[in-house]
Amino acid sequence: MKRTEINITGIVQGIGFRPFIYNLARRYSIRGWVLNNEKGVLIDAEGEDGNLDLFLKDISRLAPPLARIETFDVRCLVPLNYTTFEIRKSEEVQDKFVLISPDVATCDQCLTELFSPQNFRYRYPFINCTLCGPRFTIIQDIPYDRHKTTMAPFKMCPVCQKEYEDPSDRRFHAQPNACSACGPSLCLKDRDGKEVFGDPIEKTLDLLAKGEIVAIKGLGGFHLACDAKNQEAVSSLRSRKFREDKPFAVMCRNIEAVKEHCEINKEEEKLLLSVERPIVILRRKEDSSIAHAVAPYQDTLGVMLPYSPLHHLLLDGLIKALVMTSGNVSDEPISYKNEEAFHRLSRIADYFLFHNREIHMRCDDSVTRIIEGKPYILRRSRGYVPFPIKLSFPLEMILACGGELKNTFCLTRGQYAFMSHHIGDLENLETLTSFEEGTEHFKKLFYIEPKAVAYDLHPDYLSTQYALSIQDLPRIGVQHHHAHIVSAMVENGIEGDVIGVALDGTGFGLDGTIWGGEFIKANLKDFDRLAHLKKVPMPGGFMSIKEPWRMAMVYLLDAFGDEAAQLRIDLIRRIDFQKWDILKRAIEKKINTPWTSSMGRLFDAASSLLSIRDEVHYEGQAAIELEMIADYGVKEEYPFHIHGDEKPMVINPAEMIRGMVHNLIDGAPSSKISGKFHRTIARIIIETCEAIRCKESLNRVVLSGGVFQNIHLLSLVAKGLKRSGFDVYTHHHVPPNDGGISLGQAVIAHMRLFHV
Ligand SMILES: [Zn+2]
Ligand SMILES: [Zn+2]
């Protein structure tokens, strides 16, 4: 007989780990006990040699799906002749820091019960167990216990209570455990607040089938839902939401229903079915019957599978695909409280499907796609947050405030970086309030008292102003593109100098101009700007982002001078020359005309030049539609010039612009020109990296920034760089867009302030 003490750390609490150990111990006739302590789980196990070995092996092999075992220490002890195996009461300790689980999609066992008429939770929309259900969104305080969640007002009935107390039960200590006798319930109301009587799910299904728009309270907030095949319903949702073109997400009943509308490969299927259940961007089939208005001008669809019991019930009727878009008006944060949703969404939704389990933290759906067989995260939120990013070294406690668009913040503690859920575009008071509440909540959950605050250099960002208002802590500004590169470095676990290629729309530069086509020598602490796209004016500032035709004219002016106005291309025929003359004068007189080296603006210009988009309705639209029409078979490239003897080097795309115009005049199709444009940008990146390698002897390239959401470009660049012998690093756990920069800010702040 042997006795061992097992210390396990990682994510091992609140996810059914102790009942799992209990049942495993019984299987192998192990005696002793298990308990939660401040570090994780502690096991004292005694048994026959062979059995004990199997027990140890199976802990890691069969651990619950949510468990993340980080360390597993085993120590031999003198046997004590235990007679039973028991779950002991948790040790009470001062610093109770533990990791907290994200919300988890309904597990298979709960799903089977949900649809079994003989089960007492048959069709109960809030069924859950230790392996699934709400977590992050219902936790008000720690430790994670029912009375500190929004389940507190619901007193468990004797049946639920018995499950909760039985160590061998799947629902042992499942904090949100509930049934129809004791738990939360649904209530359907019309837009006047009058309750609609009858079965709320049946009624909702009838309404959706009739083409009505229903606001549905989910796990992390409200969705606005309608039948995804009903063109009229989708269009009316679009106009009521003041959302002209930005795609809506679709929730499909199951994988078979997804396959009706989209091409999917093995990796995409796996990601759709993962416990995180993110939205996955998929290639839409041409014969798909999903309404065109769901994703206008797109050949993709953002699709997810049901992740709560309520979703499964809603998709179990006639409708196999629902539009499920965030319940908000244009740029506001997603609604998550009943009263507030009713107030804000009553002009959009015809009906409201409420429930009475409160959401404590709002959390939007995550957005992902598969690139080269691996997940690529564009929005990291529900299902992923608050799992931390694990760093290869410990950090001082830091609050990093992130950027403006797609804001997230980041709080660090030891080797963990807790990146927040998607806060949204920090452009209004509602989002700022959500940001402030979020930081306070994370500080409380993870016992973090920041020793410093990091922020973006852009003086106008609300996140920057918030950081600067914190008087009693050291504050440190971090350059936008440096933060991008470092965020990608730390998720890849690399240190030392690298070539950072940071391409995006807007980032405040050290010289006060707007950067965005940047090649930097970077490490975790400092950076040096080695090359950038040639600077051009942005007449009207912000309006140049909204109206890509302005950037097209700027690039034409740069490439052709005053002859631009005589070019025989469609863009010139469309231009209001009165307006353009005013803008030209503004450029000359330097009125409201910032200068930029932004790659995003060059994509905008190309999009308008090809008559794809002169005005955008959401960030990145012009570039997305340019990518969509590109012919991937094109092999040619346009010429360009890299001024290698300047410091930093300057990349001049004027010859490319001239080439594109000549192709247009010759009547070449836009798809060919777009394909050639993409290849040229990839070539520019590769040759610039090669020029830097010659001078700096660096061979590792890190790719980041919103432009790398363009998967066509990303794969051309990554392949080309590898062919040229570079080691290439891209994002997989953190978004390449501004949703990722808070992580980089935190690490850079630590290195500058605390790493001597
Ligand atoms: Zn379950
Ligand atoms: Zn109950």
Side-chain angles (χ1 to χ4, degrees), residues 11-24 62-68 100-139 144-147 149-187 200-201 218-220 253-254 272-278 304-316 355-358 363 382-384 387:
I11 298 171
V12 285
Q13 297 190 3
I15 52 151
F17 206 81
R18 286 174 304 163
F20 156 72
I21 293 293
Y22 179 85
N23 287 311
L24 202 60
L62 304 174
L66 286 178
R68 298 276 197 285
I100 287 171
S101 164
D103 304 284
V104 190
T106 312
C107 74
D108 289 345
Q109 278 168 293
C110 284
L111 212 51
T112 307
E113 292 179 358
L114 181 66
F115 289 108
S116 304
Q118 60 278 21
N119 191 282
F120 81 108
R121 290 197 181 86
Y122 176 58
R123 295 183 72 81
Y124 179 57
F126 302 94
I127 186 171
N128 66 81
C129 70
T130 42
L131 300 184
C132 73
R135 297 286 187 276
F136 171 64
T137 52
I138 61 164
I139 296 176
Y144 173 51
D145 245 330
R146 187 170 176 112
H147 68 282
T149 70
T150 59
M151 282 301 290
F154 302 97
K155 190 175 163 9
M156 273 186 267
C157 69
V159 184
C160 288
Q161 188 71 36
K162 192 165 167 285
E163 292 171 328
Y164 183 86
E165 284 167 5
D166 176 2
S168 66
D169 196 280
R170 220 172 86 235
R171 298 194 167 91
F172 176 68
H173 284 193
Q175 305 304 346
N177 191 26
C179 74
S180 56
C182 64
S185 55
L186 297 171
C187 172
I201 291 180
L219 217 47
R253 176 186 295 173
N254 49 28
L272 281 164
L273 285 166
S274 66
V275 290
E276 291 88 2
R277 289 285 156 107
M304 61 184 149
L305 291 174
Y307 55 83
S308 79
L310 177 59
H311 296 150
H312 285 284
L313 293 170
L314 289 171
L315 282 152
D316 187 48
H355 64 67
N356 55 352
R357 183 179 70 204
E358 266 192 59
C363 198
R382 180 193 45 79
Y384 297 93
F387 269 167

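Counting convention: from 1, in listed order, for ligands and their atoms alike. Positions are given from 1 along the sequence.
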* Under 2.8 Å from the Zn ion (ligand 2), which protein N/O/S atoms are there? -> C157 SG, C160 SG, C179 SG, C182 SG
* Asked: In chain order, what residues pass the side-chain hydrogen bond (donor to acceptor under 3.5 Å, both in side chains) check against N128, with sequence neighbours excluded?
  -> none
* Asked: Would you say R382's side chain and E276's backbone share a donor-acceptor pair under 3.5 angstrom?
  -> yes
* Asked: What are the protein N, O or S atoms, given as residue plus atom name, that sit under 2.8 Å from the Zn ion (ligand 1)?
  -> C107 SG, C110 SG, C129 SG, C132 SG
* Ring-ring centroid check F20 F17, cutoff 6.0 Å -> yes
* To do: Check whether any side-chain heavy atom of P184 lies under 4.5 Å from a side-chain heavy atom of F154, and answer yes or no.
  => yes
* **Whether over 12 other heavy atoms sit under 6.0 Å from E163 CD** => yes
* Structure fact -> Tested for side chain to side chain contact (heavy atoms under 4.5 Å, CB included) against P309, the lone hit among I127, L111, L314 is I127
* Aromatic plane relationship, Y164 with H173 - under 30° parallel, 30 to 60° tilted, over 60° perpendicular -> tilted
* Asked: How many angstroms lie between atom CG of D145 and atom CD of Q175, to the nearest 0.5 angstrom?
  -> 5.0 Å
* Partners meeting side-chain hydrogen bond (donor to acceptor under 3.5 Å, both in side chains) with R277 (sequence neighbours left out) -> none
